[in-house]
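Inspection log for the structure reproduced underneath, given as structure tokens.
Predicted model only: the values in this text are computed from it and were never measured.
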Amino acid sequence: MNPITIPNITIPVIGLPAIGIPSVGFPSASGGGLAWPAGLKESIKAIYDPAKQGMTNYDVIESYAEDFSKFPWNNKKEKYTGTLTPNTLTVTNVAVTSALIYTNSKPENFKVYITGIKDNQQVIFGDDTNTYRALIVEKDGVYDVNWEDNYRAYCIWCNFLGDCNITITQLPTSILKDLSGNGNHAYLYGGKGKLNSGMGVYKFDFLSDLLINSAYLPYTERQYDSICSLAGHPNGWLFQYKSLTDIPTFKIEVKGIVNDKFHYRWYDENGNRGVDFVIDKDGIYEFPMSYSVETNAGVGIVCNNICQDNVCFTQIPDYPNQLCYDGKMYAVCYDFPILTDYTVMADRTWFDNEGNRVFITKGNIWPNCAFNFEKVNASLSSETFSYSQSTNIDDLIGKSGITYQTKQSYNGKVIGVGTSSDGDILLIGGQLKGEYVGCHGKIIIADRSFTEDEITWLKDNWKKI
């Protein structure tokens, strides 16, 4: 277990006079009543806010409604040339205009992202034994497949014969929702829902980072973020940490104590046993760093006597209202509008990393990008890109708070603008895949450069949007 080094959050405090821009009484794009400056709300194409969405760690875990590669799905390999994975069907030649894959059981509804369709080609979802069609797709894009009850077969096939290059990708059910009402939802890949890949940053995984006496397991219940001591737990260690390295400071919430008493045991910076922290009532406790020592007699929580209560210890994460990325997780919005001008704003925190990391990319394949917003490059210097033109910026490592970029400005600093085109992909957490190591709260993306007054209004009303 390697502890995660994170900086403190520092949100800028903005104390500016009232702004002289006209306002109209539109409701907030993401809920609530807020008088928006004229023309501002209409320019916003997406608002992502994991906390307002109500996202949990369970929601972050990459998952799919169906597994195409397993029963009850059937793969008719003799009917096409291509490949099938649990969530993707790629077809390079069609031999028969009937089911390529099918199931006789009604599937769950799911979304698909389809690419490679050419003129007069169709991808069909339905029953190839009758006239039922759940969906007929004639051009690339994202589609909902909603199945109806009581049909003999539920199939996917094409209406043509011969060569092609079509990919049908089932999108994950893990979604970062667009709260603007424009439907530009981003699909989460690689999310683990624990440690630094989910809502907040957890210092430990209680399912893998703890030593527990096997004789005590019947008196213990665990999840990744909590451990419970059950009535009858013997006198002794509830748990010890497996790691013999420094154990970082952390907070826990304790619930269920009526009669019991626990101690947290640790080592101070001089290698001596620190004074035990007594846990004898419900509440929130913050434990100090326990330093590595040559002779480690155990760091963790001890039960003083045979336990009478059912007591649970739950980690309190850092950045609990932000979505955090471990360098492997990322979110993709497909079919995002093409941008010839833009504003991107975010409340984010950069953690220490090894470089070559991008926060947000708008575009398909480099250099066809409207922006690569905030990058720590391989040499650990920081830059940002507008239409593929790089501009050096202040060091990003450890930076937190609200940041923004327009076509020609990064946080008020003039930046270069290139001549590249844009693509229809928005990727949060990297450039081609998961790269970013850090967290973010709200993200706003618009199709024009906001004025300084508009930027200030958004900062002043950030929590209300």
With a 6.0 Å cut-off (strictly less than), is the heavy-atom count around [atom1] of [X], excluding the residue itself, greater than 12?
X	atom1	value
Arg273	CZ	yes
Lys192	NZ	yes
Ile306	CD1	no

Side chain [X], main chain [Y], donor-acceptor under 3.5 Å:
X	Y	value
Asp127	Tyr151	no
Lys45	Phe336	no
Tyr267	Ala297	yes
Ser382	Leu396	yes
Asn461	Trp457	yes
Lys362	Ile445	no
Asn109	Trp147	yes
Lys52	Lys463	yes
Glu253	Ile284	no
Asp178	Gly183	yes

Under 3.5 Å, is there a donor-acceptor pair between the [X] and [Y] side chains?
X	Y	result
Thr115	Asp140	no
Tyr436	Asp326	no
Thr167	Thr169	no
Asn372	Thr361	yes

Ring centres under 6.0 Å, that's the criterion: do [X] and [Y] meet it?
X	Y	answer
Tyr285	Phe250	no
Tyr202	Tyr224	yes
Phe371	Tyr342	yes
His233	Tyr216	yes
Phe262	Phe313	yes

Beyond-backbone contact of [X] with [Y], side-chain heavy atoms, under 4.5 angstrom:
X	Y	value
Tyr325	Val437	no
Met199	Thr56	no
Phe110	Glu108	no
Val376	Trp350	yes
His263	Ile301	no
Val258	Gln308	no

Should the pair [X]-[Y] be classified as a salt bridge under the 4.0 Å nitrogen-to-oxygen rule?
X	Y	value
Asp144	Lys111	yes
Arg348	Glu374	yes
Glu454	Lys459	no
Asp225	Lys194	no
Arg265	Asp276	yes
Asp318	Lys203	yes
Asp282	Lys255	no

| message | To the nearest 0.5 Å, what is the distance between OG1 on Thr343 and CD1 on Ile44? | response | 9.0 Å
| Rounded to the nearest 0.5 Å, how far apart are CZ of Phe204 and CD of Gln315? |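 The CZ atom of Phe204 sits 6.5 Å away from the CD atom of Gln315.
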| Heavy-atom closest pair, residues Gly298 and Gln240 | CA-OE1, 3.2 Å
| request: Work out which heavy atom in Val254 is nearest to a heavy atom in Ile257; give both atom names and the distance. | output: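 So the minimum-distance heavy-atom pair works out to CG1-CD1, 3.7 Å.
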| task | For Glu383 and Asn377, run side chain to side chain donor-acceptor pair (under 3.5 Å): C-alpha distance rounded to whole Å, both residues' side-chain angles, the deciding distance at 0.1 Å, then the answer. | result | CA-CA 7 Å; Glu383 57 187 331; Asn377 60 35; 3.3 Å; yes
| query | Run the salt bridge (Lys or Arg N to Asp or Glu O under 4.0 Å) check on Lys242 and Asp209 step by step: do they pass? | reply | CA-CA 6 Å; Lys242 290 181 180 179; Asp209 292 339; over 6 Å; no
